[in-house]
2 protein chains.
Amino acid sequence: MIAAYDAAMRTIEVSVAVPGSATWWLEHRAREARRRPRTDGLSTGRIIAAALALVDTEGLDALTVRRLADDLATGSASLYRHVASRDELIVLLVDHVIGEVRYPPAGVSGRAKVEVLSIELRRVLMDHANLVPALTASPLLGPNAMRGTENGLAGLIEAGFAPTVAVPAYLALVDFVLGTVFFDTSSAGRSAGVSHSSSDLISELPVDVFPTLRANQGEFELPSIDDVFAFGLTTFLAGLEHRFPLDG
Amino acid sequence: MIAAYDAAMRTIEVSVAVPGSATWWLEHRAREARRRPRTDGLSTGRIIAAALALVDTEGLDALTVRRLADDLATGSASLYRHVASRDELIVLLVDHVIGEVRYPPAGVSGRAKVEVLSIELRRVLMDHANLVPALTASPLLGPNAMRGTENGLAGLIEAGFAPTVAVPAYLALVDFVLGTVFFDTSSAGRSAGVSHSSSDLISELPVDVFPTLRANQGEFELPSIDDVFAFGLTTFLAGLEHRFPLDG
DNA sequence: ACCTGAACACCGTTCAAGT
DNA sequence: ACCTGAACACCGTTCAAGT
């Protein structure tokens with residue numbers, strides 16, 4: 001009984017929260033506050049910077065604890081003094097990248113602010129395309145992500161939408177931005193010369209089963225990934241304004 | 001010189017295509033056609049079924065080649081006779097799951113068909129939520145995915161949109177569906193009792209930096225993930241019809 | 001007290017040796 | 001010819017031994 005209780009408490013103290021969850025971020029903030037500086041040259045900031053450089057240049061798979069330790073000229077065990085696990089490191093990395101979003105000046109508000117923020121979020125994620133698969137590992141609840149949510153939601157409310165509309169609209173918009181980023185980066189594997197494009201694949205399909213694709217094969221060549229993003233953003237906002245006409 | 005040439009050719013013959021790319025799918029189809037039956041009890045179909053069961057019950061991380069071999073009562077090396085790599089297996093798994101989409105009867109066309117297909121794609125992916133992170137590994141170009149593209153695009157064209165509109169609209173719509181699925185499954189980490197919801201996190205934020213979030217905190221409790229999906233789908237289609245009014 | 005070398009329990013993949 | 005046990009070159013993480 002007592003042994004089981006102790007074991008349970010130990011689990012809780014060590015932190016039961018999964019990295020990236022709301023609970024984890026709350027605990028993380030408390031942990032950072034009571035942190036005392038380390039005697040070695042390492043810091044969470046240096047680790048994150050080195051990890052991001054590694055991911056950007058060699059991909060997410062290259063981010064191993066051992067390799068990162070090599071880059072920082074230490075042993076892998078030393079990193080565990082600053083970061084609890086590889087998963088936690090990735091969660092910190094994602095919020096760090098979201099922190100690269102540039103916010104528009106105070107004069108920009110309403111729909112324009114929403115558009116700028118959507119474009120910015122997409123820009124910083126595409127700038128770190130190798131990190132994108134890591135976005136599925138946790139919800140976006142870090143401080144930088146929350147700042148984006150604050151501003152995006154404010155933009156929609158400034159634009160005149162009621163909170164009951166603005167909240168689902170904001171969430172749907174983030175879903176769309178992330179979707180374009182996922183899709184664009186997963187299609188990126190095709191290197192121009194050697195590989196076939198999806199259009200080449202379409203021309204191999206039997207015309208009786210795939211009449212629409214075969215007939216419109218050329219259209220798939222034309223829209224760039226940025227075109228599709230702009231098309232979707234404009235169409236979504238048009239639909240929002242059409243469904244919920246503003247009072248003014 | 002000659003050694004280098006031989007090495008290059010060998011690389012190409014072994015297949016230079018990355019699993020899931022258009023080139024890979026084309027090669028895959030050719031490979032399947034000339035495949036002769038194995039003497040052991042294994043088949044790609046049995047492997048995929050066992051892999052999916054494992055992912056569904058224990059998660060994507062539990063899908064190791066060794067564990068899968070155990071489940072199939074063989075050694076890990078034997079699986080490499082049917083599947084070239086773990087990555088290839090995951091690509092096959094994703095298209096297999098997309099194959100669970102149920103198509104509407106022939107009477108359903110136009111906007112209704114587009115809605116049904118969007119809802120179906122979301123349903124099958126949410127049914128296999130543990131597999132969702134694997135969707136970022138490759139573009140969706142398998143036979144089952146192409147069937148979905150054929151039908152989705154046909155729906156938009158039946159609805160009266162020109163191909164130059166229908167193609168980007170289809171791509172943006174898939175981006176949105178995938179985005180909601182990614183977002184919903186990555187937020188799923190919060191188990192009801194122990195964990196905090198994002199709303200609990202919001203109430204910890206300083207009101208001077210996050211006024212909009214604090215003021216509208218309650219709204220984030222209300223919309224379920226299905227509500228946000230339905231909201232976004234309806235809004236996007238409304239925007240499409242508003243921007244490109246039909247002739248009829 | 002803080003740090004870390006060395007070990008533990010795993011991976012995906014290959015290939016020589018068996019049938 | 002086909003199949004696979006055993007090995008290779010890695011992982012993330014832990015902890016006893018050092019300073």
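Everything numeric here is computed off the predicted structure, so don't read it as measured data. Letters A, B, ... are given to chains in the order of the sequence lines, protein chains preceding strands, and every chain is numbered from 1.
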Could you check which of [options] has an atom nearest any side-chain atom of [X]?
X: A:Tyr80; options: D:dC11, D:dT14, D:dA7; value: D:dT14
X: B:Val65; options: D:dT13, D:dT4, C:dT13; value: C:dT13
X: B:Ser78; options: D:dT4, C:dC11, C:dT4; value: D:dT4
X: A:Arg66; options: C:dC8, C:dG5, D:dT4; value: C:dC8
X: A:Ser76; options: C:dC11, D:dT13, C:dC3; value: D:dT13

Quickly work out the [X] [atom1] to [N] [atom2] distance and round it to whole Å.
X: B:His82; N: C:dT13; atom1: NE2; atom2: C1'; result: 17 Å
X: B:Ile47; N: C:dG12; atom1: CD1; atom2: P; result: 14 Å
X: A:Arg81; N: C:dA1; atom1: CZ; atom2: C1'; result: 9 Å
X: B:Leu79; N: D:dG5; atom1: CG; atom2: P; result: 12 Å
X: A:Leu54; N: D:dC11; atom1: CG; atom2: C1'; result: 15 Å
X: B:Asp61; N: C:dG12; atom1: CG; atom2: P; result: 10 Å
X: A:Leu72; N: C:dC3; atom1: CG; atom2: P; result: 15 Å

Taking the C1' atom of each, how far is C:dC15 from C:dT19, in whole Å?
16 Å
Tell me, please, which residues at least two apart from B:His96 pass ring pair (Phe, Tyr, Trp, His ring centres under 6.0 Å).
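Partners of B:His96 under the ring pair (Phe, Tyr, Trp, His ring centres under 6.0 Å) test: none.
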Criterion side-chain contact (heavy atoms from CB on, under 4.5 Å) on B:Glu100 and B:His128, from CA distance to verdict:
CA-CA 11 Å; B:Glu100 293 184 5; B:His128 302 282; 2.8 Å; yes
Do the side chain of [X] and the main chain of [Y] share a donor and acceptor less than 3.5 angstrom apart?
X: B:Tyr103; Y: B:Gly148; value: yes
X: B:Glu150; Y: A:Leu213; value: yes
X: B:Asp227; Y: B:Ser224; value: yes
X: A:Asp95; Y: A:Ala145; value: yes
X: A:Arg86; Y: A:Leu63; value: yes

Salt bridge present between A:Arg123 and A:Glu120 (N-O < 4.0 angstrom)
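Looking at A:Glu120 together with A:Arg123, the answer is yes, because their closest N to O distance falls below 4.0 Å.
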The single option from A:Asp61, A:Ile90, A:Leu60 passing side-chain contact (heavy atoms from CB on, under 4.5 Å) against A:Pro133:
A:Leu60
What residues in residues 84-93 of chain B put a non-hydrogen atom under 4.0 Å from any atom of DNA chain C?
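Residues of residues 84-93 of chain B under 4.0 Å from DNA chain C: B:Ser85, B:Arg86.
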Dot-bracket summary - DNA chain D, pairs being Watson-Crick or G-U whose distances fall under 3.5 Å, with | when paired to another strand:
||.|||||...|||||.||
